[in-house]
Chemist: 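Structure incoming, see below.
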Amino acid sequence: GTGKTSTVVAILNCIHFIEYQEYYKKCVNTVLTLDNMKVRNPKNHPKPWLDIIAQLNKLKPHILVTAPSNVAVDNIIERIMDKGFIDGTGRPYNPNMLRIGRGGSPKIASVSMEEIAEQEQLTSLDESMRLQAIHDVERNMIDIVFQLQHSQMLLITLASTFKAYPLPEGWELRVNMETGQPYWVNHNRQCVSCSPPTEYDLQDPSNENSDEIQIKSENIIVSDPTKWKLSGCTIDTIPEYQAFSYKLTQELEELERLHLFNNRCKARLDPVRHGGVSAVKNVVETSIIDGAHLVFTTLNGAGHPCLESTRFKIAVIDEAGQCVEPSTLIALRRGCERCVMVGD
């Protein structure tokens, strides 16, 4: 009753938010490199984008959360499901979670690996249904690629325009989502312009000589923009740039989710090619784990064979005072670089 579970949830919130911010920034910077600006193709083929995702996978949040008992593990998951996490702006969000082991709470079935695998299996019992599922997923992947290309184009436009034209105080840079053309919002004069700011635009609208200035505006020579009173913002702080950056990151994650699901469908469709039924089960489980940000299990569950190929830089152990030392090593051997232990 001293708030240990709340503390664990707060720690996980902080770790996930920081890890995701790093991943988010790397996603945007990687997509906007010169090489990756060339990933456009007429057929919207997903492979170039999947190559980018493969580069970013090591940076994606991947946190192992354990405790000695199923009850302790389920308590943390339920607390997160009830309240969610809080992002940098104070808004709640639901992290990508996965529970390995059935546990005792029916509430967490939606994030249970066994439940997810079973539901996928039931929705594609015969070969025709699996072929249809593969067809639908591949079509959705092409749609996501089209959205990625659009988001990339909008970010490139904003970045190049911001670099070319200084943004005075009281001004905001935006981009038309349909045409991809940049435009500027002058909050001082409460107007919108398709042209970058000039010296006339910076004149005080309350100036009694403003009409005379407007008459002579064609002859006004723009002063050195470095002498303007600039907004002081960076490209990363522009609201439109933030919104499209987040949208692009979400689209990359959705493309990865569809790709992993597609691989699972193909493995189930042709078990022999993937090494038999047992091997397919491992492929499916590993694929589901690869798509999760936070993986929850008991300390003994951390020794499950499906985790053999997975690495977690961070491990959090709840009720650590009730653990025997050798059991904690099961969690730490999964590539852990940092460990947080909470308990009496």
Side-chain angles (χ1 to χ4, degrees), residues 12 15-16 19-20 23 50-51 53-70 72-74 76-77 95-104 108-121 253 256-320 323-341:
L12 290 173
I15 292 174
H16 181 263
E19 293 277 308
Y20 193 82
Y23 171 69
L50 292 174
D51 290 341
I53 289 170
Q55 296 174 34
L56 296 166
N57 258 345
K58 291 182 179 179
L59 297 170
K60 188 173 67 174
H62 217 40
I63 305 160
L64 180 64
V65 187
T66 63
S69 68
N70 282 306
V73 174
D74 291 350
I76 301 172
I77 298 174
N96 190 328
M97 301 188 295
L98 179 69
R99 169 69 155 101
I100 297 177
R102 288 196 176 272
I108 65 167
S110 61
V111 297
S112 166
M113 182 172 67
E114 287 79 2
E115 186 73 17
I116 293 169
E118 188 176 326
Q119 288 299 320
E120 287 184 1
Q121 183 76 13
E253 286 204 276
E256 181 188 27
R257 187 191 68 79
L258 291 171
H259 176 61
L260 291 171
F261 177 69
N262 194 34
N263 289 343
R264 296 197 292 272
C265 288
K266 290 179 177 178
R268 289 189 176 106
L269 185 64
D270 190 0
V272 176
R273 185 179 177 184
H274 289 81
V277 176
S278 179
V280 167
K281 184 175 183 292
N282 289 333
V283 168
V284 169
E285 290 177 343
T286 301
S287 174
I288 294 172
I289 292 168
D290 286 343
H293 290 183
L294 290 96
V295 176
F296 295 82
T297 185
T298 60
L299 287 167
N300 288 336
H304 196 286
C306 67
L307 291 170
E308 283 299 325
S309 61
T310 307
R311 292 293 172 264
F312 301 91
K313 291 190 299 182
I314 301 173
V316 177
I317 302 176
D318 191 20
E319 300 291 0
C323 306
V324 293
E325 290 169 4
S327 67
T328 62
L329 299 179
I330 302 173
L332 300 184
R333 62 185 286 266
R334 297 299 183 195
C336 176
E337 297 176 7
R338 267 196 297 164
C339 177
V340 180
M341 294 184 178

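In this text the structure is predicted, and so the values were computed from the model without any measurement.
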Chemist: Enter the distance from R264:CZ to I116:CD1 here, rounded to the nearest 0.5 Å.
Modeler: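 Spacing of CZ (R264) from CD1 (I116) equals 8.0 Å.
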Chemist: Can you tell me how far apart OG1 (T328) and CG (L299) are? Round to the nearest 0.5 Å.
Modeler: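 Separation between the atoms: 7.0 Å.
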Chemist: Roughly how far, to the nearest 0.5 Å, is CD1 of I317 from CG of L332?
Modeler: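 Result: 5.0 Å between the selected atoms.
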Chemist: My understanding is that only residues two or more places apart in sequence, or in another chain, count here; which of them pass side chain to side chain donor-acceptor pair (under 3.5 Å) with K281?
Modeler: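 With sequence neighbours excluded, K281 shows a side chain to side chain donor-acceptor pair (under 3.5 Å) to E285, given in chain and number order.
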Chemist: Going by heavy atoms in the side chains, are P95 and H293 under 4.5 Å from each other?
Modeler: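 Counting from C-beta outward, P95 and H293 never come under 4.5 Å.
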Chemist: Would you give the length of the straight line joining atom CG of L12 to atom CG of L294, rounded to the nearest 0.5 angstrom?
Modeler: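 It is 6.0 Å, given to the nearest 0.5 Å.
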Chemist: What's the verdict on side-chain contact (heavy atoms from CB on, under 4.5 Å) for L98 and I288, showing C-alpha distance, side-chain angles and the deciding distance?
Modeler: CA-CA 8 Å; L98 179 69; I288 294 172; 3.7 Å; yes
Chemist: With a 4.5 Å heavy-atom cut-off, do E19 and K313 have their side chains touching?
Modeler: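 With C-beta onward as the side chain, the pair touches.
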Chemist: Looking at Y23 and L56, what are the two nearest heavy atoms and their distance?
Modeler: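 It is CE1-O, 3.8 Å.
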Chemist: Show which side-chain atoms of residues 58-68 pair as donor or acceptor with protein atoms under 3.5 Å away, not counting sequence neighbours.
Modeler:
unit_1, atom_1, unit_2, atom_2, d
K60, NZ, E256, OE1, 3.2
K60, NZ, E256, OE2, 3.2
K60, NZ, D290, O, 2.6
H62, ND1, A292, O, 2.9

Chemist: Less than 4.5 Å apart, any side-chain heavy atom of V295 and any of T310?
Modeler: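 No, side chains not in contact.
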Chemist: Residues two or more places apart in sequence or in another chain: which of them pass side chain to side chain donor-acceptor pair (under 3.5 Å) with S112?
Modeler: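 Result, side chain to side chain donor-acceptor pair (under 3.5 Å) vs S112: E114.
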Chemist: Between atom CD1 of I314 and atom SG of C336, what is the distance when rounded to the nearest 0.5 Å?
Modeler: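 If we round to the nearest 0.5 Å, I314:CD1 and C336:SG are 8.0 Å apart.
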Chemist: Measure from the side-chain N and O atoms of N96 to the backbone N and O of G291, and report whether any donor-acceptor pair falls under 3.5 Å.
Modeler: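 Checked: pair present.
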Chemist: Step by step, work out the side-chain contact (heavy atoms from CB on, under 4.5 Å) result for M341 and C323.
Modeler: CA-CA 10 Å; M341 294 184 178; C323 306; over 6 Å; no
Chemist: Which distance, rounded to the nearest 0.5 Å, do you find between the CD of E337 and the CZ of R311?
Modeler: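 Answer for the CD-CZ pair, E337 versus R311, is 11.5 Å.
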Chemist: With side-chain contact (heavy atoms from CB on, under 4.5 Å) as the test, would you mind laying out the steps for I15 and V316 before giving the verdict?
Modeler: CA-CA 10 Å; I15 292 174; V316 177; 4.3 Å; yes
Chemist: What residues, two or more places apart in sequence or in another chain, satisfy side chain to side chain donor-acceptor pair (under 3.5 Å) together with D51?
Modeler: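 So D51 forms a side chain to side chain donor-acceptor pair (under 3.5 Å) with K47.
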Chemist: Taking atom CZ of R338 as the centre, does the number of heavy atoms from other residues, nucleotides or ligands within less than 6.0 Å exceed 12?
Modeler: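 It does not: R338 CZ has 12 such atoms or fewer within range.
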Chemist: Which residues pass the side chain to side chain donor-acceptor pair (under 3.5 Å) test with Y20, not counting sequence neighbours?
Modeler: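 Applying side chain to side chain donor-acceptor pair (under 3.5 Å) to Y20 gives Q250, E253.
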Chemist: If every non-hydrogen atom of C306 is compared with every non-hydrogen atom of I100, which pair is closest and at what distance?
Modeler: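 Looks like SG-CD1, 4.3 Å.
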Chemist: Apply salt bridge (Lys or Arg N to Asp or Glu O under 4.0 Å) to R333 and list each qualifying residue two or more places apart in sequence or on a separate chain.
Modeler: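 In terms of salt bridge (Lys or Arg N to Asp or Glu O under 4.0 Å), with neighbours along the sequence ignored, R333 is linked to E308.
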Chemist: Can you give me the closest heavy-atom contact between S309 and T286, atom names plus distance?
Modeler: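 Nearest heavy atoms, S309 then T286: OG-CG2, 3.5 Å.
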Chemist: Apply side-chain contact (heavy atoms from CB on, under 4.5 Å) to the pair I77 and R99, showing each step before the final yes or no.
Modeler: CA-CA 8 Å; I77 298 174; R99 169 69 155 101; 3.5 Å; yes
